[in-house]
Amino acid sequence: MLDARRIRTDAGMVKNSLLDRNADSGLVDKFLAADEKRRKNLAVSEEKKGLRNKASANVARMKKAGEDAAVIMEQTRALGDEIKVLDDELRDIEEEIQFILLHIPNVPHETVPVGKDEGANEEIRRWGEPREPGFLVKPHWEAGEALGVLDFERASKVTGARFTFYRGLGARLERALIAFMLDLHTLKHGYEELIPPFIVNQHSMTGTGQLPKFAEDSYRLEGSEGYYLVPTAEVPVTNFYREEILDAQRLPIYHCAYTPCFRSEAGAAGRDTRGLIRQHQFNKVELVKFALPENSYDELEALTANAEEVLKQLELPYRVVTLSTGDLGFSSAKTYDLEVWLPSAGMYREISSCSNFEDYQARRANIRFRREPKAKPEFVHTLNGSGVAIGRTTAAILENYQNADGSVTIPAALRPYMGGIDTIPAI
RNA sequence: GGAGAGAUGGCCGAGUUGGCUGAAGGCGGUCGCCUGCUAAGCGAUUAUACGGUGUCAAGCUGUAUCAUGGGUUCGAAUCCCAUUCUCUCCGCCA
């Protein structure tokens with residue numbers, strides 16, 4: 001969330017940034033009113049508490065001296081009742097403020113293009129040339145079913161829509177991609193691997209910004225109060241340091257993690273209903289960074305480059321896009337999307353999203369650092385990016401590496417992870 | 001799932017006949033002193049949040065915080081209730 005003081009002193013700027021995001025800028029005025037009320041109330045309440053503390057000390061002194069304190073005690077009792085009323089009001093006001101703060105999105109960075117939707121996104125570079133295969137490339141779900149490596153039909157019987165079985169070399173390919181990406185990031189890019197819980201509590205979901213506003217996007221477990229299936233490893237990995245104060249010397253901290261991701265995809269009805277693009281469960285390797293504020297934008301460039309390296313090594317053509325204010329995620333200050341080429345669709349599709357959240361998540365999750373042993377704690381900057389989405393990578397390979405006979409060549413970088421297998425043969 | 005024990009400052013650990021205890025003591029950290037040398041010793045210091053004041057700089061000041069949330073009381077780390085978590089034993093189990 002945003003710093004309350006920043007909203008107080010920079011209300012106009014925050015309002016404008018909300019407008020750029022198509023968000024409700026009225027939240028700012030609501031906040032200012034509640035904040036004003038809170039401080040007024042607080043001053044009165046604290047003054048009365050101060051009086052009560054003094055009176056109580058007097059009671060103690062008098063009793064020790066053997067005097068009768070009944071008069072003071074009676075007076076102070078009334079004071080206590082007044083304080084209780086004020087504090088009840090205060091609690092309501094603070095709840096309201098908290099609610100407002102949790103619903104105000106991050107302020108976009110000044111370099112983010114202003115625009116109302118994804119049409120205003122800016123492509124900043126491309127890598128690789130889409131092949132000209134000379135035949136009609138089958139969409140990956142047709143190719144995968146024909147090769148016997150994907151089974152959507154049985155998945156819908158066993159579970160429902162937007163699930164799949166990976167089978168045989170398909171399962172192996174998915175597993176190889178996970179191992180390949182984790183090795184790349186841990187051995188070459190310096191990330192420390194975590195295998196986190198795949199279930200998190202509501203505090204973690206709030207810390208990274210999934211709650212309270214986007215509850216319907218996640219799967220909540222019944223029976224266990226406030227437990228959610230992870231929608232992304234970002235949640236458990238970022239919350240790894242929740243409520244902690246880190247030494248500046250340890251920064252930046254890099255973590256990577258593989259998890260399955262579970263998303264209800266509410267609101268995506270009718271979109272990408274076929275194939276691996278939009279599943280309720282998908283695999284992903286995630287990169288997470290904790291950085292010094294002054295370095296976080298350099299770290300974002302480096303993080304994005306780390307994700308790009310995956311696609312380069314797999315030789316999958318892609319482009320990098322800066323999301324505009326209208327397309328930017330709720331918690332993010334700046335996001336680069338990596339979009340991989342999908343021949344069957346003849347277009348680039350998102351395969352990774354790399355964001356700098358600045359101190360927005362850190363403030364929610366209370367992740368701080370100290371520059372010096374006695375310095376005041378400051379909020380770290382958090383970043384994360386897909387490194388990259390596994391299912392969409394499998395889809396991209398099934399299409400970009402598809403041969404005329406329907407077989408699929410395994411990218412060279414992946415063969416060591418496939419036991420030397422270089423082709424998924426056509427049946 | 002059953003029975004029991006516990007949760008105090010960066011860490012360890014006092015404090016449960018309620019009253020200068022934000023909290024003894026120790027360790028660790030920082031600063032200074034001293035010592036003929038990376039040992040030891042001496043002194044000082046050592047939380048966070050939110051308000052007020054201030055050149056929203058230092059400082060000063062108020063309030064709150066002894067797992068969390070309520071309650072009792074003039075006053076609670078200390079009493080009561082609920083919740084969460086941890087540990088031990090039993091059961092179950094990959």
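Computed over heavy atoms, backbone and side chain alike; hydrogens, waters and symmetry mates excluded. Per chain, numbering begins at 1; letters A, B, ... match sequence-line order.
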Under a 4.0 Å threshold between the charged nitrogen and the carboxylate oxygen, would A:Arg363 count as salt-bridged to A:Asp359? yes
In dot-bracket notation, what is the pairing pattern of RNA chain B, taking Watson-Crick (N1-N3 plus N6-O4 or O6-N4) and G-U wobble (N1-O2 and O6-N3) contacts under 3.5 Å, with [ ] crossing and | for other strands? ((((((((.[[[..)...(.....]]]((((((.......))))))(((((((.....))))))).[[[[[..)....]]]]])))))))....
C1' gap between B:rA7 and B:rC66, integer Å: 10 Å
Sticking with atom C1', work out how far B:rG41 lies from B:rG15, rounded to a whole angstrom. 31 Å
Side chains of A:Asn106 and A:Ser331: is there a donor and an acceptor less than 3.5 Å apart? no
Taking atom P in both B:rU38 and B:rA77, compute the distance separating them and give it to the nearest angstrom. 48 Å
Below 4.0 angstrom, N of the basic side chain to O of the carboxylate: do A:Arg77 and A:Asp81 qualify? no
Pairwise side-chain contact, A:Glu118 with A:Leu323, heavy-atom cut-off 4.5 Å (strictly under): no
Counting neighbours of CZ on A:Arg371 that are heavy atoms of other residues, nucleotides or ligands and sit closer than 6.0 Å, is the number greater than 12? yes
Rounding to an integer number of angstrom, what distance separates B:rC80 and B:rA5 when you compare their P atoms? 13 Å
Got A:Thr76 and A:Asn58 here, is their nearest side-chain heavy-atom distance under 4.5 Å? no
Quick one: is B:rG70 close enough that its OP1 or OP2 comes under 4.0 Å of any side-chain N or O from A:Arg91? yes
A:Thr9 near the nucleic acid: base, sugar-phosphate alone, or nothing, with a heavy-atom cut-off under 4.0 Å? base
Counting any heavy atom closer than 4.0 Å, what does A:Lys84 reach on the DNA or RNA strands: base, sugar-phosphate only, or nothing? sugar-phosphate
Any heavy-atom pair between the side chains of A:Tyr360 and A:Phe330 that's under 4.5 Å? yes
Do the side-chain N and O atoms of A:His381 and A:Tyr297 include a donor-acceptor pair separated by under 3.5 angstrom? no
Where the side chain of A:Val59 is concerned, which of B:rC50, B:rU48, B:rG19 is the nearest nucleotide? B:rG19
Between B:rU30 and A:Arg370, is there an OP1 or OP2 to side-chain N/O distance shorter than 4.0 Å? no
OP1, OP2 of B:rG18 versus side-chain N and O of A:Lys63: anything below 4.0 Å? no
With a 4.0 Å cutoff (strictly under), does any side-chain N or O of A:Arg5 reach OP1 or OP2 of B:rC56? no
When the P atoms of B:rA23 and B:rA47 are considered, how many whole Å apart are they? 10 Å
For A:Ile72, which contact category applies under a 4.0 Å heavy-atom criterion: base, sugar-phosphate, or nothing? nothing
Of all the choices, B:rC74, B:rC50, B:rA49, which nucleotide is nearest to the side chain of A:Glu46 once you look at every atom? B:rC50
A:Asn201 CG to B:rU84 C1', in whole Å, measures 11 Å
Given B:rU63, B:rU48, B:rC85, which nucleotide is nearest the side-chain atoms of A:Arg368? B:rU48
If I take atom CD in residue A:Gln202 and atom P in nucleotide B:rU83, what distance separates them, rounded to the nearest angstrom? 17 Å
Check the distance between B:rG75's C1' and A:Lys49's NZ and give it to me in whole angstrom. 14 Å
Please give the distance between the C1' atoms of B:rU86 and B:rA44 as a whole number of Å. 38 Å
Look at A:Asn53 and B:rU63 and indicate whether a side-chain polar atom (N or O) is within less than 4.0 Å of OP1 or OP2. yes
Of the listed nucleotides (B:rA47, B:rG51, B:rG70), which one gets closest to any side-chain atom of A:Arg39? B:rG51
Given the P atoms of B:rC27 and B:rG70, what is the spacing between them in whole Å? 38 Å
Indicate, with a heavy-atom threshold strictly under 4.0 Å, whether A:Ser56 touches base, sugar-phosphate, or nothing. base
Tell me what A:Arg61 touches on the nucleic acid: a base, only sugar-phosphate, or nothing, going by heavy atoms under 4.0 Å. nothing
Whole angstroms only, please: what is the CD-P distance between A:Glu36 and B:rG51? 12 Å
Within the 3.5 Å criterion, strictly below it, is a donor on A:Gln313 or A:Glu309 matched to an acceptor on the partner's side chain? yes
Pick the C1' atom in B:rA76 and in B:rA57, then give their distance to the nearest Å. 38 Å
Residue A:Arg77, side-chain atoms from C-beta onward, closest of B:rA49, B:rC74, B:rC85: B:rC74
Whether A:Arg52 contacts B:rG75 is assessed here as follows: a side-chain N or O lying under 4.0 Å from the phosphate OP1 or OP2. Is that the case? yes
Would you classify A:Asn58 as touching base, sugar-phosphate or nothing, given that sugar-phosphate means primed atoms plus P, OP1 and OP2, and contacts are heavy atoms under 4.0 Å? nothing
Remember a base hit wins even if backbone is also touched, and classify A:Lys40 as base, sugar-phosphate or nothing at under 4.0 Å, heavy atoms. nothing
